[in-house]
J.: 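One structure follows; several queries about it will come next.
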Amino acid sequence: MPKGKGPQGKRITLKVAKNAVRVAFNGRRRLDLSKMGIATFPKCLLELADVEELDLSRNMLRKIPNIIEKFQNLMWLDLHSNQLDELPAAIGTLKNLTYLNLCNNKLTTKGLPEELTLLRNLRTLNLGLNCLETIPTTLGTLRELIELGLFDNSLTLIPKSVKKLPKLERLNVKRNPLPEFAKEEEPIDTVKRIESLYVVEKKDLCNSCLEMCQGERDELHKLEDVTPGPSNRPSFPSLTTPNSTAMDNQEEWRIK
């Protein structure tokens with residue numbers, strides 16, 4: 001392999017691409033080129049730029065070229081599980097995009113173009129499993145966002161503008177070094193415990209304290225008097241487990 005060059009990947013012809021076009025359940029035309037070993041964005045795809053959905057996930061793509069702007073009908077774009085470390089500014093021209101999956105790449109904060117905020121119809125954005133250290137506050141302008149995935153990054157802060165997105169229903173920030181997750185919450189102890197126990201005689205208690213103690217003692221006696229009812233667990237006295245030398249094709253249970 002020549003020095004400085006990545007894997008060449010599989011070459012996609014226009015015939016292969018045309019055969020990969022399917023009609024999705026929602027009636028849209030989807031070009032599915034996932035898991036094809038593609039390392040370079042095929043220019044022949046420009047002949048199919050009228051599709052509404054494009055799946056290039058689980059390939060070896062290192063770059064998305066600016067010719068992505070030719071796909072003006074795109075509403076759904078899946079690029080997860082590639083090797084992308086940046087997005088082109090032209091991504092912001094896909095004004096009809098409602099779904100964008102960029103999970104499991106090598107995206108850095110620097111690799112997120114400002115034009116990403118032009119996707120005003122975006123409802124789902126997945127940036128999980130990348131190399132993000134910060135999130136641009138300008139993502140707060142994506143006011144149609146319903147789902148936002150930021151899990152498994154290196155984030156220490158989620159901007160308030162993002163947290164307060166008006167339609168946001170699901171925000172996944174798990175496995176980030178965020179301060180609120182720095183310390184594990186101590187388990188809640190349902191048993192009340194005391195550090196010191198003082199024993200006093202009944203005559204030394206005031207009337208209110210005496211009544212409280214007597215009430216708690218009566219409650220304790222009630223619990224002691226309760227006898228457990230019959231178990232609801234089914235019983236099978238006529239069944240026995242097979243011995244350790246039973247063959248695999250024998251029944252698991254045998255009736256005596």
Side-chain angles (χ1 to χ4, degrees), residues 3-7 9 34-35 38-41 54-69 71 74 76-95 97-186:
K3 185 177 180 181
K5 291 187 177 181
S34 62
K35 298 183 289 185
I38 303 172
T40 305
F41 190 90
L54 177 59
D55 189 349
L56 287 168
S57 64
R58 291 170 283 188
N59 282 295
M60 300 181 291
L61 291 170
R62 294 179 178 273
K63 183 179 181 180
I64 299 298
N66 279 318
I67 59 175
I68 193 69
E69 65 185 2
F71 292 76
L74 273 188
W76 190 93
L77 178 58
D78 195 343
L79 297 169
H80 87 264
S81 301
N82 278 284
Q83 300 179 34
L84 303 173
D85 58 8
E86 64 177 357
L87 294 176
I91 197 77
T93 66
L94 306 179
K95 300 297 178 62
L97 210 60
T98 61
Y99 175 94
L100 179 58
N101 190 352
L102 297 163
C103 176
N104 193 22
N105 277 284
K106 298 180 180 180
L107 291 170
T108 62
T109 304
K110 187 178 179 180
L112 297 181
E114 185 177 347
E115 288 78 5
L116 191 64
T117 60
L118 299 177
L119 303 177
R120 299 299 173 86
N121 290 312
L122 206 58
R123 297 178 181 177
T124 299
L125 175 61
N126 192 345
L127 291 168
L129 278 167
N130 276 287
C131 306
L132 303 174
E133 295 183 349
T134 59
I135 290 296
T137 57
T138 50
L139 284 188
T141 60
L142 301 178
R143 302 182 67 80
E144 296 298 316
L145 268 187
I146 297 175
E147 295 183 76
L148 178 58
L150 298 173
F151 54 91
D152 291 287
N153 278 287
S154 301
L155 303 174
T156 56
L157 177 68
I158 305 299
K160 290 183 179 179
S161 60
V162 173
K163 289 181 177 180
K164 294 183 178 180
L165 282 167
K167 296 185 179 181
L168 194 63
E169 295 178 2
R170 290 177 289 277
L171 174 61
N172 189 344
V173 296
K174 292 180 180 179
R175 294 176 297 277
N176 278 285
L178 294 164
E180 53 262 47
F181 298 118
K183 294 182 179 179
E184 293 185 3
E185 294 185 0
E186 295 183 2

J.: Answer yes or no: is there a side-chain heavy-atom contact under 4.5 Å between F151 and N126?
T.: yes

J.: On a heavy-atom basis, which atom in N66 and which in P88 lie closest, and how many Å separate them?
T.: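 It is OD1-CB, 3.3 Å.
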
J.: What is the distance from atom CG of L132 to atom CG of L102, rounded to the nearest 0.5 Å?
T.: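 Going from CG on L132 over to CG on L102, the span is 9.5 Å.
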
J.: What heavy-atom pair brings L54 and F71 nearest, and what distance separates the two atoms?
T.: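 That closest heavy-atom pairing would be CD2-CE2, 4.4 Å.
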
J.: With rounding to the nearest 0.5 Å, note down the distance linking CG in N172 to CG in L127.
T.: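 The CG atom of N172 sits 11.5 Å away from the CG atom of L127.
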
J.: Taking salt bridge (Lys or Arg N to Asp or Glu O under 4.0 Å) as the test, write out the residues that go with E147, two or more places apart.
T.: R170

J.: Quick check for you: to the nearest 0.5 Å, what is the distance between I64 atom CD1 and L79 atom CG?
T.: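 Going from CD1 on I64 over to CG on L79, the span is 4.5 Å.
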
J.: Got a second to check how far K160's NZ is from T137's OG1, nearest 0.5 Å?
T.: 12.5 Å

J.: Can you check whether T98's main-chain N or O pairs, donor with acceptor, with N121's side chain at less than 3.5 Å?
T.: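 No, because the side chain of N121 does not come within donor-acceptor range (under 3.5 Å) of the backbone of T98.
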
J.: Can you name the closest pair of heavy atoms from I91 and I68 and give their distance?
T.: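 Heavy-atom minimum between the residues: N-CG2, 4.4 Å.
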
J.: Could you check whether E144 pairs with K167 (Lys NZ or Arg NE/NH1/NH2 to Asp/Glu carboxylate O, under 4.0 Å)?
T.: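 Between K167 and E144 there is a salt bridge, with a charged N closer than 4.0 Å to a carboxylate O.
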
J.: Could you measure the distance from the CG atom of L142 to the CZ atom of R120? Nearest 0.5 Å is fine.
T.: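 So the CG of L142 and the CZ of R120 are separated by 7.0 Å.
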
J.: Could you report the tightest heavy-atom contact between T93 and E69, atom names first, then the distance?
T.: OG1-CB, 3.3 Å

J.: Between N105 and N130 (side chain of the first, backbone of the second, donor and acceptor by atom type, cut-off under 3.5 Å), is there such a pair?
T.: no

J.: Among D152, L155, T156, which residue meets the side-chain contact (heavy atoms from CB on, under 4.5 Å) test with N176?
T.: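 With N176 as partner, side-chain contact (heavy atoms from CB on, under 4.5 Å) holds for just one option, L155.
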
J.: Tell me, yes or no, whether the heavy-atom count around R123 atom CZ, taken from other residues, nucleotides or ligands under 6.0 Å, exceeds 12.
T.: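 12 or below, so no.
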
J.: Check whether any side-chain heavy atom of L157 sits under 4.5 Å from a side-chain heavy atom of T134, and report yes or no.
T.: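 Not touching, per the 4.5 Å side-chain cut-off.
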
J.: Show, in sequence, the C-alpha distance, side-chain angles and deciding distance for K95 and L118, and conclude whether the side chain to side chain contact (heavy atoms under 4.5 Å, CB included) test is met.
T.: CA-CA 7 Å; K95 300 297 178 62; L118 299 177; 4.2 Å; yes

J.: Write down the atom of L116, the atom of L87, and the distance for their closest heavy-atom approach.
T.: CD1-CD1, 4.3 Å

J.: Please list, chain by chain and in numerical order, all residues satisfying side-chain hydrogen bond (donor to acceptor under 3.5 Å, both in side chains) with S81, sequence neighbours excluded.
T.: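 For S81, the residues satisfying side-chain hydrogen bond (donor to acceptor under 3.5 Å, both in side chains) (neighbours in sequence not counted) are N104.
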
J.: Nearest heavy-atom pair of L107 and L112: which atoms, and what distance?
T.: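 Closest approach of L107 to L112, heavy atoms only: CD1-CD2, 4.4 Å.
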
J.: How long is the span from the CG atom in N153 to the CZ atom in R175, to the nearest 0.5 Å?
T.: 10.5 Å

J.: Using modelled atom types only, decide if a donor and an acceptor are shared between the side chain of D55 and the backbone of S57 within a distance under 3.5 Å.
T.: yes

